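Below you'll find the structure, written out as structure tokens, and then a few comments.
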Amino acid sequence: HGSPPTCAWVFMAPTATHAPAAPGLTLKRANHYGHLEFPPWQIRLLMSSSVSFLLAGIFAYVRAQQGLASVLLFAGACSLNYWRAPGPSLRRDADLVAAGGALFYCLYTGFWLHGVTCYVAWASLLSALICFRKSWVLSLGHNEHWAFWHAGAHSLAGIAAVLLSFGQVTGGGESMIPPHNPVAEVSIVLVCCCVLFDTLSG
């Protein structure tokens, strides 16, 4: 079968392995991957890790970060709704849109972080993206361990979101133009370089 460019890890959920699945869990994707099978343990794992977004969203709400709380709670709800029965559907589309929106919001507001919180938050965000990429690559090779990397990415993204709440990013964005932040700028460049490399080599 053909495969999309590996840069698809930025916004796409990984494909599943072709290991035997429980009855009713074999799903057909409306693209060139054909029949995909999600073992029950992968579904449970990814539903559990999706809770990290909800917890981070609740924490953001408590910290009076309404914007951050909204995108996190929406992303968490869509992620849970998708992974309870993964496969081609509007739920999958909603999950991808919500995840992309949450990612953009976190990358954007991360420019207002400073100090130790800034370093740890951006390290967590980059680590989450690395895990998403590794998950995508493993899934293309039908390696069932992609699920562990995907779950790890969920958790790291949740940690980054909690740190954004500590940094009071919603209240710090009086201007729509992000302030100069070397850590954020270098991180964005690294992500863009990785996506460009995957696109050209894919």
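This is a predicted model, so every value here is computed, not measured.
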Review point. Within the side chain of S79, is there an N or O that forms a donor-acceptor pair under 3.5 Å with the backbone of A75?
Key: no
Practice item. State whether the side chain of Y108 and the backbone N or O of M176 hold a donor-acceptor pair below 3.5 Å, judged by distance alone. Key: yes
Study note, to complete from the structure: Heavy atoms of A56 and A161 approach each other most closely as CB-CB, 3.8 Å
Study note, to complete from the structure: Tightest non-hydrogen contact, residues G110 and N181, listed as O-ND2, 3.7 Å
Point to revise | Q42 versus A147, closest heavy-atom pair with distance | key: CG-CB, 3.8 Å
Practice item. Indicate yes or no for a side-chain donor-acceptor contact from S139 to the backbone of W146 under 3.5 Å, with no hydrogens or angles considered. Key: no
Practice item. Please round to the nearest 0.5 Å and tell me the distance separating atom OG of S48 and atom CD1 of I43. Key: 11.5 Å
Check your understanding: Linking I/L/V/M/F/W/Y whenever any side-chain heavy atoms sit under 4.5 Å apart, do L156 and V71 land together?
Key -> no
Study note, to complete from the structure: To the nearest 0.5 Å, atom CG of L45 lies from atom NE2 of H154 at 9.5 Å
Check your understanding: For S127, what residues pass the side-chain hydrogen bond (donor to acceptor under 3.5 Å, both in side chains) criterion, not counting sequence neighbours?
Key -> none
Review point. Is I159 reachable from I130 through a run of hydrophobic residues whose side-chain heavy atoms are each under 4.5 Å from the next?
Key: no
Point to revise | Atom of A151, atom of L46 and distance for their closest heavy-atom approach | key: N-CD2, 3.7 Å
Exercise for review: Please list, chain by chain and in numerical order, all residues satisfying ring pair (Phe, Tyr, Trp, His ring centres under 6.0 Å) with F166, sequence neighbours excluded.
Suggested key: F59
Practice item. For R91 and A85, indicate whether the former's side chain and the latter's backbone hold a donor-acceptor pair under 3.5 Å. Key: yes
Point to revise | Approximate separation, where rounding is to 0.5 Å, of Q65 CD and S70 OG | key: 11.0 Å
Check your understanding: If you group Ile, Leu, Val, Met, Phe, Trp and Tyr by side-chain heavy-atom gaps below 4.5 Å, do L54 and M47 land in one group?
Key -> yes
Review point. What residues form a side-chain hydrogen bond (donor to acceptor under 3.5 Å, both in side chains) with N81, not counting sequence neighbours?
Key: R84
Check your understanding: Can you tell me how far the CG atom of L126 sits from the CD1 atom of I188, to the nearest 0.5 Å?
Key -> 8.0 Å
Study note, to complete from the structure: Separation between CG (L164) and CZ (R63), nearest 0.5 Å, reads 11.5 Å
Exercise for review: Give the cluster check for L163 versus L129: same hydrophobic cluster or not, with ILVMFWY residues linked at side-chain heavy-atom distances below 4.5 Å.
Suggested key: no
Check your understanding: Quick one: does D93's side chain get under 4.5 Å of Y82's, heavy atoms only?
Key -> no
Review point. Which atoms form the tightest heavy-atom contact between G167 and L113, and what is the distance?
Key: CA-CD2, 3.6 Å
Check your understanding: Going hydrophobic residue to hydrophobic residue with side-chain gaps under 4.5 angstrom, can you get from I58 over to V51?
Key -> yes
**Study point:** Test applied, side-chain contact (heavy atoms from CB on, under 4.5 Å); reference residue, C193; option that passes from V189, L190, V195
**Key:** V189
Practice item. Quick one: closest heavy-atom pair of P178 and W112, and the distance? Key: CA-CH2, 3.7 Å
